[in-house]
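Structure first, commentary second.
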Amino acid sequence: MLYDFYGELLTTKQAQAIDLYYNEDLSLAEIAEPLEISRQGVRDAIKRGEKTLFEMEERLGLVNRFMNLEEKMQDLVHDVAGMKRYAKLYLHSQKMSEALDALTEKIQDIIEEL
């Protein structure tokens with residue numbers, strides 16, 4: 001995920017090496033040939049690229065924020081399913097009101113994080 005969020009910040013060689021290593025599951029030797037660098041050069045490019053990706057996440061926190069938003073959206077899906085059940089059994093009940101209040105709070109949390 002770090003590569004997806006911050007990959008554009010890497011050098012061309014770093015991005016290519018990381019993509020081929022992690023996404024294509026190639027060995028250092030298999031990556032070295034098309035990039036026209038040594039296996040050690042590939043390893044160094046990957047390590048420097050990884051360091052950059054982790055530093056960017058530490059500074060910006062976009063991946064963490066995305067994951068938190070995704071979790072909250074899943075909570076909303078769960079709550080809506082609960083509302084549907086309550087609507088059938090308890091139309092205009094206190095439970096329905098509480099479920100709607102909880103849903104509203106979660107939506108507000110998401111809006112604040114954007």
Side-chain angles (χ1 to χ4, degrees):
M1 282 188 92
L2 292 174
Y3 181 77
D4 292 337
F5 276 82
Y6 306 114
E8 296 293 321
L9 301 174
L10 300 174
T11 67
T12 302
K13 288 237 191 271
Q14 289 171 345
Q16 289 173 330
I18 287 174
D19 181 50
L20 293 170
Y21 187 72
Y22 286 107
N23 295 332
E24 302 298 326
D25 200 29
L26 297 181
S27 69
L28 298 180
E30 291 170 318
I31 297 167
E33 187 177 329
L35 295 185
E36 299 179 347
I37 57 177
S38 67
R39 286 186 2 245
Q40 184 62 42
V42 172
R43 184 187 176 286
D44 291 345
I46 291 170
K47 291 299 178 188
R48 282 192 309 273
E50 288 173 340
K51 182 180 177 193
T52 299
L53 294 174
F54 284 112
E55 286 174 353
M56 288 296 102
E57 177 58 16
E58 189 175 313
R59 289 180 191 167
L60 302 174
L62 296 178
V63 173
N64 186 49
R65 187 173 174 188
F66 174 79
M67 291 175 71
N68 287 338
L69 287 173
E70 187 175 51
E71 183 179 327
K72 287 182 180 184
M73 293 304 290
Q74 289 298 326
D75 288 345
L76 286 173
V77 169
H78 180 265
D79 289 345
V80 169
M83 288 172 43
K84 289 178 182 178
R85 287 190 302 272
Y86 288 135
K88 289 181 181 178
L89 299 172
Y90 306 107
L91 192 59
H92 296 14
S93 73
Q94 181 64 29
K95 286 188 177 187
M96 181 59 119
S97 177
E98 291 170 1
L100 287 169
D101 289 343
L103 181 60
T104 300
E105 284 181 332
K106 288 177 182 175
I107 292 170
Q108 289 172 340
D109 287 346
I110 291 171
I111 291 169
E112 287 176 342
E113 287 191 42
L114 296 175

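Since this is a predicted model, take the numbers as computed values, not measurements.
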To the nearest 0.5 angstrom, please state how far the [atom1] atom of [X] sits from the [atom2] atom of [Y].
X: M73; Y: I107; atom1: CE; atom2: CD1; answer: 8.5 Å
X: I37; Y: L28; atom1: CD1; atom2: CG; answer: 9.5 Å
X: Q108; Y: L103; atom1: CD; atom2: CG; answer: 10.0 Å
X: M67; Y: M1; atom1: CE; atom2: CE; answer: 6.0 Å
X: E33; Y: L20; atom1: CD; atom2: CG; answer: 12.0 Å
X: L2; Y: I18; atom1: CG; atom2: CD1; answer: 9.5 Å

Does atom [atom1] of [X] have more than 12 heavy-atom neighbours, drawn from other residues, nucleotides or ligands, at distances under 6.0 Å?
X: E36; atom1: CD; value: no
X: Y6; atom1: OH; value: yes
X: E30; atom1: CD; value: yes

**Q.** Verdict with supporting geometry, F66 and F5, ring pair (Phe, Tyr, Trp, His ring centres under 6.0 Å)
**A.** CA-CA 10 Å; F66 174 79; F5 276 82; 5.6 Å; yes
Restricting to non-hydrogen atoms, name the atom on [X] and the atom on [Y] that form the minimum distance, rounded to 0.1 Å.
X: E57; Y: L62; value: OE1-N, 3.2 Å
X: D75; Y: K106; value: CB-NZ, 3.9 Å
X: K72; Y: D109; value: NZ-CB, 3.7 Å

Q | Side-chain touch K51/K47, heavy atoms, less than 4.5 angstrom | A |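 No, their side chains stay 4.5 Å or more apart.
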Q. With A17, which residues qualify under side chain to side chain contact (heavy atoms under 4.5 Å, CB included), at least two apart?
A. I31, L35, V42, A45, I46
Q: Say whether L60 and L69 are linked into one hydrophobic cluster, either directly or through other cluster members, by side-chain heavy-atom distances under 4.5 angstrom.
A: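 No, no single cluster joins them.
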